[in-house]
Amino acid sequence: MELPSQINCHIVAMPYPGRGHINPMINFCKIIVTKYPNIFVTFIVTEEWLSLISSENLPENIKYATIPNVIPSEFERANDFTAFFKATLTNMEGPVEKLIDALTMKPIVIVYDTYLSWVIRLGNRRNIPVASFFTMSATVFSIGYHMDLLAQNGHLRANLSGKMHEQVDYIPGIPSIRILDLPTPFYGKGQELLDVVMEIFSTVSKAQYLLFTSIYELESIVIDVLKQIFPILVYPIGPAIPYFTSEKNPSSTTSIDEPDYIKWLNAQPNGSVLYISQGSFLSVSRDELDEIIAGVHDSGVRFFWVARDETVRFQKNGCSVGLVVPWCDQLKVLSHPSIGGFWSHCGWNSTKEAAFSGLPMLTLPIFWDQKTNSKQIVEDWKIGYRVKKHDQSSISREEISTLLKWFMDSGNEEVMETRRRAKEIQKICQCSTANGGSSEINIEAFIKNVLCHKYS
Ligand SMILES: O=c1ccn([C@@H]2O[C@H](COP(=O)(O)OP(=O)(O)O[C@H]3O[C@H](CO)[C@@H](O)[C@H](O)[C@H]3O)[C@@H](O)[C@H]2O)c(=O)[nH]1
């Protein structure tokens with residue numbers, strides 16, 4: 001849809017303060033302003049988050065606006081996740097409302113992270129439509145939305161010990177799934193947030209739109225079901241990763257401007273490197289990490305490891321087959337020809353980036369939606385393997401070393417089949433994000449509807 005050139009419109013974006021939430025929101029905004037240059041976006045973050053992301057190049061018509069640091073620091077988020085999460089629900093509404101009231105152009109819509117449910121109230125008070133932007137999978141949404149079914153079947157607030165392998169086969173639109181693979185607020189870590197999470201899912205239908213950051217073709221059944229039963233408009237807007245700027249086939253020639261880690265990757269044989277990342281904030285226990293570090297080094301497999309602030313701990317003297325970095329441009333690394341596999345904590349963004357890059361995965365989920373994403377990767381799309389194959393609570397360095405050698409062995413027929421499947425999934429993602437693909441169609445339909453609402 002063409003916007004008349006004289007009409008300028010304004011969208012407010014309100015992400016949840018976390019890397020895995022800010023990234024997809026900013027990517028979505030970039031797609032919108034690239035397609036509709038008359039749309040302006042105000043992207044609201046805390047002052048601390050501005051300092052973390054301000055170096056990123058933004059198109060001219062996206063501007064950051066800040067609220068004070070009314071929530072605990074990003075660097076303490078993992079120490080007390082419950083307190084952090086609750087603070088995002090209680091402390092941000094006032095400053096954000098003040099900021100929105102001071103804007104010179106009234107927004108046509110507020111796109112807010114689903115977990116910041118107070119934005120619905122704010123939109124109602126100010127008569128601004130709101131679009132709930134869910135940064136996890138549509139599968140996870142359906143589970144959250146149907147918690148009443150979990151309760152009816154004795155799978156919520158019940159003693160589930162001994163039942164973790166029971167199948168949940170009654171959630172609309174999703175294949176049968178074990179209790180063990182449900183998002184953790186329902187039975188494990190994060191359960192103290194169950195009431196809050198239930199409240200959040202039950203209020204989404206009071207928004208005007210629901211946006212899934214998902215590739216329609218990968219979750220078509222659950223998305224179609226939700227479109228039928230959900231009382232508001234539902235749009236799967238695509239992966240919300242920076243696919244429009246990613247180099248799908250980076251050249252192997254070295255440019256002086258490239259980071260050293262890309263130069264290192266350029267020097268490695270095709271498909272030979274395992275990329276390892278456990279996400280942007282939570283980690284496994286220290287003991288478990290020590291076993292993983294030992295297992296990775298013992299395996300002799302070539303690796304590229306994102307260690308955040310623990311690079312020294314991940315390195316081993318005399319190690320010549322691996323590179324440890326604190327942070328990298330993950331999608332660029334995953335798209336590099338020398339990467340042959342991805343060990344991931346299964347954050348939804350990492351999952352989509354792996355799918356988009358056509359990589360087989362090793363999954364080690366930690367909490368929240370990651371277990372469900374791991375199940376989709378391994379059982380539904382069949383593009384990966386669980387690191388803890390038998391759901392054991394810990395894993396030894398020997399087991400890790402054996403698994404990695406097996407996974408990265410280029411002659412391994414089972415893994416070759418998984419690689420072939422990962423390439424099929426990659427094609428599906430590429431078609432969905434190409435011009436005229438389902439992602440573009442849904443983004444256009446969303447914008448068109450918002451504009452009709454404004455000008456009707
Ligand atoms: O060195 C790195 C490591 C990560 N990333 C990026 O950081 C993001 C990480 O997102 P994700 O993979 O989703 O992990 P988390 O940051 O752990 O994401 C949180 O948010 C996600 C979306 O709601 C949830 O799926 C996760 O469970 C939750 O932990 C991705 O875009 C990565 O490309 C980098 O750019 N460089």
Side-chain angles (χ1 to χ4, degrees), residues 15-28 30 49 52-53 55-56 74-75 77-78 81 84-85 88 112-116 132-141 143-144 181-185 188-190 193 197 200 211-214 219 239-243 245-246 259 261-262 265 275-284 303-311 314 323-336 339 342-357 359 361 363-377:
Y16 175 90
R19 175 65 66 178
H21 297 253
I22 288 179
N23 281 11
M25 183 79 91
I26 199 106
N27 291 329
F28 178 54
K30 285 182 182 173
W49 263 104
L52 299 175
I53 55 178
S55 58
E56 180 164 341
E74 170 61 10
F75 302 100
R77 179 158 69 115
F81 178 72
F84 181 89
F85 190 84
T88 66
Y112 78 97
D113 192 291
T114 303
Y115 286 101
L116 301 180
S132 195
F133 185 84
F134 195 59
T135 56
M136 298 176 178
S137 69
T139 298
V140 166
F141 186 89
I143 298 169
D181 296 319
L182 293 177
T184 53
K189 215 169 169 180
L193 288 171
V197 171
I200 288 171
L211 308 180
F212 284 128
T213 55
S214 191
E219 294 196 290
I241 59 173
Y243 52 85
T245 54
S246 85
Y261 62 76
I262 293 289
L265 283 172
Y275 173 73
I276 311 176
S277 171
Q278 280 294 122
S280 67
F281 83 113
L282 279 180
S283 191
V284 294
F303 63 85
F304 180 115
W305 204 334
V306 173
R308 305 206 299 255
D309 49 357
E310 294 206 273
T311 42
F314 285 47
L323 183 70
V324 182
V325 298
W327 192 253
C328 68
D329 181 340
Q330 180 167 294
L331 189 55
K332 192 162 186 182
V333 169
L334 291 177
S335 314
H336 195 284
I339 299 292
F342 182 8
W343 167 313
S344 175
H345 74 310
C346 307
W348 184 234
N349 297 290
S350 294
T351 302
K352 292 178 290 181
E353 289 165 13
F356 195 79
S357 308
L359 288 174
M361 296 175 79
T363 69
L364 188 62
I366 305 173
F367 101 137
W368 213 274
D369 59 327
Q370 297 160 12
K371 299 224 171 193
T372 315
N373 300 339
S374 164
K375 186 265 180 185
Q376 281 182 279
I377 292 163

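Each ligand, and each atom within it, is numbered from 1 in the order the structure gives.
Using a 4.0 Å cut-off to heavy atoms of H21, the atoms of ligand 1 that qualify are 20 (O), 23 (O). Of all atoms in ligand 1, numbered sequentially from 1 with element shown, those under 4.0 Å from a heavy atom of W348 are 13 (O), 24 (C), 25 (O). Listed by number with element, the atoms of ligand 1 under 4.0 angstrom from any heavy atom of S350 are 11 (P), 12 (O). Numbered from 1 in the order shown, with element, the atoms of ligand 1 that lie under 4.0 Å from a heavy atom of C328 read 1 (O), 2 (C), 34 (C), 35 (O), 36 (N). Applying the 4.0 Å criterion to heavy atoms of D369 picks out, from ligand 1, the atoms 24 (C), 25 (O), 26 (C), 27 (O). Near G347, meaning under 4.0 Å from any of its heavy atoms, are these atoms of ligand 1: 11 (P), 12 (O), 13 (O), 14 (O), 25 (O), 26 (C).
Residues F133 and Y112 place their aromatic rings such that the two centres sit no closer than 6.0 Å. In this structure, the ring of F81 has its center less than 6.0 angstrom from the ring center of W368.
Not a single heavy atom of G18 lies less than 4.0 angstrom from ligand 1.
For the pair Y261 (side chain) and V333 (backbone), a donor-acceptor distance under 3.5 Å is absent.
Contact annotation: for T135 versus ligand 1, heavy atoms closer than 4.0 Å belong to both the backbone and the side chain. Contacts between V306 and ligand 1, counted as non-hydrogen atom pairs separated by less than 4.0 Å, involve the side chain only. When non-hydrogen atoms are compared, ligand 1 lies under 4.0 Å from neither the backbone nor the side chain of W368.
A salt bridge is absent between E353 and K332; no separation between the charged side-chain nitrogens and carboxylate oxygens falls under 4.0 Å.
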Taking it one step at a time, do W343 and Q278 satisfy side-chain hydrogen bond (donor to acceptor under 3.5 Å, both in side chains)?
CA-CA 8 Å; W343 167 313; Q278 280 294 122; 2.8 Å; yes
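By the side-chain contact (heavy atoms from CB on, under 4.5 Å) test, S344 pairs with F342, S350, M361, sequence neighbours left out. For F84, there are no ring-ring contact (aromatic ring centres under 6.0 Å, His included) partners two or more places apart in sequence or in a different chain.
Comparing H345, E353, Q370 by heavy-atom distance to atom 33 (O) of ligand 1, the nearest is E353. The heavy atom nearest to atom 11 (P) of ligand 1, out of those in D113, T351, N349, is found in N349.
Ring geometry for Y16 against Y115 counts as perpendicular: the plane angle is over 60°, on a 0 to 90° scale with 30° as the lower cut.
Checked against a 3.5 angstrom limit, the closest N/O atoms of N23 and ligand 1 fall inside it. Residue F367 has no nitrogen or oxygen atom sitting less than 3.5 Å from a nitrogen or oxygen atom of ligand 1, judged on distance alone.
With values rounded to the nearest 0.5 angstrom, R19 atom CZ is found 7.0 Å from L52 atom CG.
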